[in-house]
Amino acid sequence: MNKLNVLLVAVVMVFATGFANAQKIASVDINSIFTSMPEMKALDQQLQNLQTAKQGELEKQGKSLQDLMKKYQDEAPKQTQAINEQRSQEVQKLQDNLQQMYSAAQKDIADKRDAGLAPIEKKINDAISKVSKAAGYEFVFDASSPALVYKAGTDATPAVKKELGL
């Protein structure tokens with residue numbers, strides 16, 4: 001029985017030691033890398049410019065609509081019921097168009113952001129893969145993710161930034 005216990009302890013220790021040595025874990029702060037990349041800063045500026053342009057168009061259309069509504073309200077007492085109803089429908093149609101323009105602008109900005117992020121994310125993922133292979137990391141966790149419970153392993157963020165030339 002004593003030999004069996006010794007053998008069992010020896011087997012457990014071999015597996016535990018092998019498992020511990022085989023697992024090289026690192027973390028990367030992806031948010032830090034994103035904010036450091038010039039490509040991300042350029043994308044943010046492009047998105048800001050696009051948003052400003054779209055906002056200007058929307059404000060111009062909104063001002064036109066407000067002016068038209070004011071004009072129709074001022075003239076309403078002098079017009080017939082039929083004309084006032086027609087104008088009301090026209091204003092409603094213009095309001096609907098303005099809402100559609102707003103939705104389209106939001107979609108355009110989101111699409112531009114998604115299209116711009118794809119190559120940046122690929123570049124970061126490629127750098128993480130290269131650094132991980134070179135350092136022998138088997139697992140790399142995103143340190144900025146709330147899913148990370150414990151962070152005591154090696155932080156690969158500096159190596160990834162170096163790989164990206166940041």
Side-chain angles (χ1 to χ4, degrees), residues 11-71 88-166:
V11 169
V12 169
M13 287 184 67
V14 167
F15 280 119
T17 304
F19 183 74
N21 288 336
Q23 304 297 319
K24 283 192 80 176
I25 299 172
S27 64
V28 174
D29 187 353
I30 292 181
N31 285 340
S32 170
I33 294 170
F34 263 115
T35 58
S36 299
M37 294 188 70
E39 294 94 332
M40 191 64 193
K41 292 175 184 173
L43 178 61
D44 285 341
Q45 186 60 48
Q46 290 173 1
L47 292 172
Q48 183 65 36
N49 292 344
L50 180 61
Q51 184 173 355
T52 301
K54 296 286 185 182
Q55 187 175 0
E57 292 173 21
L58 289 168
E59 287 175 359
K60 182 179 174 185
Q61 291 294 330
K63 176 77 168 113
S64 296
L65 179 60
Q66 286 178 345
D67 291 346
L68 185 64
M69 287 173 59
K70 182 171 179 4
K71 176 184 173 191
S88 177
Q89 290 173 355
E90 182 183 341
V91 167
Q92 183 61 44
K93 184 177 178 183
L94 290 173
Q95 287 174 330
D96 292 344
N97 288 343
L98 186 60
Q99 181 62 37
Q100 288 175 355
M101 283 178 61
Y102 177 79
S103 296
Q106 293 297 338
K107 185 180 181 316
D108 288 348
I109 292 168
D111 290 347
K112 176 88 171 177
R113 180 171 178 77
D114 291 345
L117 281 177
I120 296 170
E121 288 173 344
K122 183 180 181 336
K123 187 174 182 179
I124 290 173
N125 286 333
D126 290 346
I128 290 171
S129 295
K130 187 173 181 179
V131 167
S132 297
K133 288 176 185 173
Y137 300 134
E138 292 183 12
F139 300 98
V140 177
F141 294 97
D142 181 3
S144 59
S145 170
L148 183 64
V149 177
Y150 180 73
K151 180 185 167 200
T154 305
D155 184 2
T157 304
V160 172
K161 283 184 175 181
K162 182 179 178 185
E163 178 64 30
L164 291 169
L166 303 175

So which heavy atom on [X] is nearest to which on [Y], and how close?
X      : Y      : result
Ser36  : Leu166 : O-CD2, 3.6 Å
Lys161 : Ile33  : CG-CG1, 4.1 Å
Glu163 : Ala127 : CG-CB, 3.9 Å
Ala156 : Val28  : CB-CG2, 3.7 Å

Between the side chains of [X] and [Y], does any donor sit under 3.5 Å from an acceptor?
X     : Y     : result
Gln55 : Glu59 : yes
Asn49 : Gln45 : yes
Asp96 : Gln92 : yes

Next on the checklist: Looking at Phe34, I'd like to know if its CZ atom is crowded, meaning that more than 12 non-hydrogen atoms belonging to other residues, nucleotides or ligands lie closer than 6.0 Å.
Outcome noted: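 More than 12 heavy atoms, drawn from other residues, nucleotides or ligands, come within 6.0 Å of this atom.
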Taking C-beta and beyond as the side chain, do [X] and [Y] meet within less than 4.5 Å on heavy atoms?
X     : Y      : value
Met40 : Leu117 : yes
Leu68 : Glu90  : yes
Leu43 : Leu47  : yes
Asp67 : Lys70  : no

Next on the checklist: Set out, in order, the CA-CA distance, both residues' side-chain angles and the distance that settles salt bridge (Lys or Arg N to Asp or Glu O under 4.0 Å) for Asp126 and Lys122, then state yes or no.
Outcome noted: CA-CA 6 Å; Asp126 290 346; Lys122 183 180 181 336; 2.8 Å; yes
Next on the checklist: What I want to find out is whether Lys112 reaches Asp108 closely enough, with some N-O distance under 4.0 Å, to be called a salt bridge.
Outcome noted: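 Salt bridge absent between Lys112 and Asp108.
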Checklist entry - Going through the distances and angles, do Gln48 and Ile109 end up as a side-chain contact (heavy atoms from CB on, under 4.5 Å)? => result CA-CA 9 Å; Gln48 183 65 36; Ile109 292 168; over 6 Å; no
Next on the checklist: Determine whether Ile30 and Ile128 satisfy the following criterion, side-chain contact (heavy atoms from CB on, under 4.5 Å), listing intermediate values before the conclusion.
Outcome noted: CA-CA 10 Å; Ile30 292 181; Ile128 290 171; 4.3 Å; yes
Checklist entry - Taking Thr157 for the side chain and Asp29 for the main chain, is one N or O donor matched with an acceptor at less than 3.5 Å? => result yes
